[in-house]
Amino acid sequence: MNIEDLERQQLELSKKLILEDTKPIENIRLVAGIDTTYTDIWTNPTVAISSIVVLDIENNFKEVEIVFAEKEIDFPYIPTFLAYRELPSILEAYKKLKTKPDAFLVDGMGILHPRKMGIASHFGVITGEISVGIGKSKLVGNFEMPENKPFSYKPIFVNKGKRGYILRVKKNTNPIFVSPGNKISVDSSLQLALKCIGRYKLPEPIRLAHNHLQEYRRKILKEG
DNA sequence: GCGACAG
DNA sequence: ATCTTGTCGC
């Protein structure tokens, strides 16, 4: 498939997006974080490693479950097509989950994407899960910078439509980009992200998925 | 035409 | 995204 075909596929998938709340935010208790890394980012093909960590946000972010998956991939990183690179290994990890999280936070964008199909939305549409995108830098959109104080935020617009929020979690830290993946509204995505903030700038599910992934990667590179 | 461009 | 220790600043 070429880029044009992939764009058409994204547009087709975007028709299945549900951008309304499908569950009261107060009933979301088990929140999963998803992150992906690579054994080598400079080669293709390479091996993608994904992890999903499930936390109970009403019990001190207690870890309920963690799974990993490794998968050989041959799709390069191309802006706006991240899902085609990372989703295969993410879905393998997803299959290993024994618990059923109420929602998933995915490292990357949701509808804060040219065709509303960032990796969090792609994951949400494919699995039918409630998902939210958590990005660390800008992909698309117009916005004002939030003030340099904790929990200040500004809406992000794409073609006049509100697609997400830029949120500064802590003072003197770069803001993060929050947008709905699927089955949740723009505003509730922000509320859920806020509920998942612990002591650091990244929501706990994402932060822990990232941390566990790093140690897992170190270990397999060392041992083989 | 030019710059921007998640991980 | 990865390679990497200490170090400067709030």
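So you know, we letter chains A, B, ... as the sequences are listed, proteins then strands, and number each from 1. Worth knowing before you read on, the calculation uses all heavy atoms, side chains too, and leaves out hydrogens, waters and symmetry mates.
To the nearest 0.5 Å, the span separating OG on A/S185 from NZ on A/K162 amounts to 8.5 Å. With values rounded to the nearest 0.5 angstrom, A/D187 atom CG is found 9.0 Å from A/D21 atom CG. Put simply, CD1 on A/I18 and CD1 on A/I184 are 12.5 Å apart, with the number rounded to the nearest 0.5 Å. Note that SG of A/C196 and CD1 of A/I57 are 4.5 Å apart. Values are rounded to the nearest 0.5 Å.
The distance between atom CZ of A/R85 and atom C1' of C/dT2, rounded to the nearest whole Å, is 12 Å. One interatomic measurement links the two molecules: CD of A/Q214 to C1' of C/dT4, which rounds to 13 Å at whole-angstrom precision. A/N172 has its CG atom 13 Å from the P atom of C/dG9, to the nearest Å. As a whole-Å value, the separation of A/I78 CD1 from B/dG7 C1' is 13 Å. Atom CD1 in A/I41 sits about 9 Å away from atom C1' in C/dC3, given to the nearest Å. Remark: C1' of C/dA1 and CD1 of A/I119 are 12 Å apart, rounded to the nearest angstrom. One atom, CZ of A/R115, and another, P of B/dC5, lie 16 Å apart when rounded to the nearest Å. Note: OH (A/Y38) to C1' (C/dA1) measures 7 Å, nearest angstrom.
Proximity of the aromatic rings of A/F143 and A/F177 is defined here by a centroid distance below 6.0 angstrom, and this criterion is met. A/F81 and A/F75 have their aromatic ring centers separated by at least 6.0 angstrom.
As judged by a 4.0 angstrom heavy-atom cut-off over every strand, A/G135 is placed among residues touching the sugar-phosphate backbone only. Within 4.0 Å of A/F81, counting heavy atoms only, lies at least one base atom of the nucleic acid. Across all strands, A/R218 comes closer than 4.0 Å to no nucleic acid atom at all (heavy-atom distances).
Within residues 173-201 of chain A, no residue is approached by DNA chain C to less than 4.0 Å at the level of any non-hydrogen atom.
For the residue pair A/Y84 and A/Q10, no side-chain donor N or O sits within less than 3.5 Å of a side-chain acceptor on the partner.
Using a 4.0 Å cut-off, no side-chain N or O of A/K170 falls inside it from OP1 or OP2 of C/dC10. Between A/S137 and B/dG7 there is a side-chain N or O to OP1 or OP2 distance below 4.0 Å. Phosphate proximity of C/dT2 to A/T37: present, with a side-chain N or O under 4.0 Å from OP1 or OP2. Neither OP1 nor OP2 of B/dA6 sits under 4.0 Å from any side-chain N or O of A/K138.
Taking a pair as Watson-Crick or G-U wobble with both distances under 3.5 Å, DNA chain B forms no stem of 3 or more consecutive pairs.
Sequence order on DNA chain C of the closest nucleotides to A/K171 and A/R217 puts A/R217 first from the 5' end.
Taking the ring axis of A/F61 as reference, the NZ or CZ atom of A/R207 does not stay both within 45° of it and closer than 6.0 Å to the ring centre.
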Please report the C-alpha distance between A/H122 and A/L87 in whole Å, then the side-chain angles of each, then the deciding distance to 0.1 Å, and finally whether the side chain to side chain contact (heavy atoms under 4.5 Å, CB included) criterion is met. CA-CA 8 Å; A/H122 204 131; A/L87 214 47; 3.3 Å; yes
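In this structure, the aromatic ring of A/Y77 is positioned over the six-membered ring of the base of B/dG7, centres within 5.5 Å and planes within 30°.
With B/dC5, C/dT2, B/dG7 as the choices, the nucleotide that has an atom nearest any side-chain atom of A/D107 turns out to be B/dG7. Considering only side-chain atoms of A/H210, the nucleotide from B/dG7, B/dA6, C/dT2 that sits closest is C/dT2.
With respect to A/E129 and A/K100, a salt bridge is recorded, a charged nitrogen being found less than 4.0 Å from a carboxylate O.
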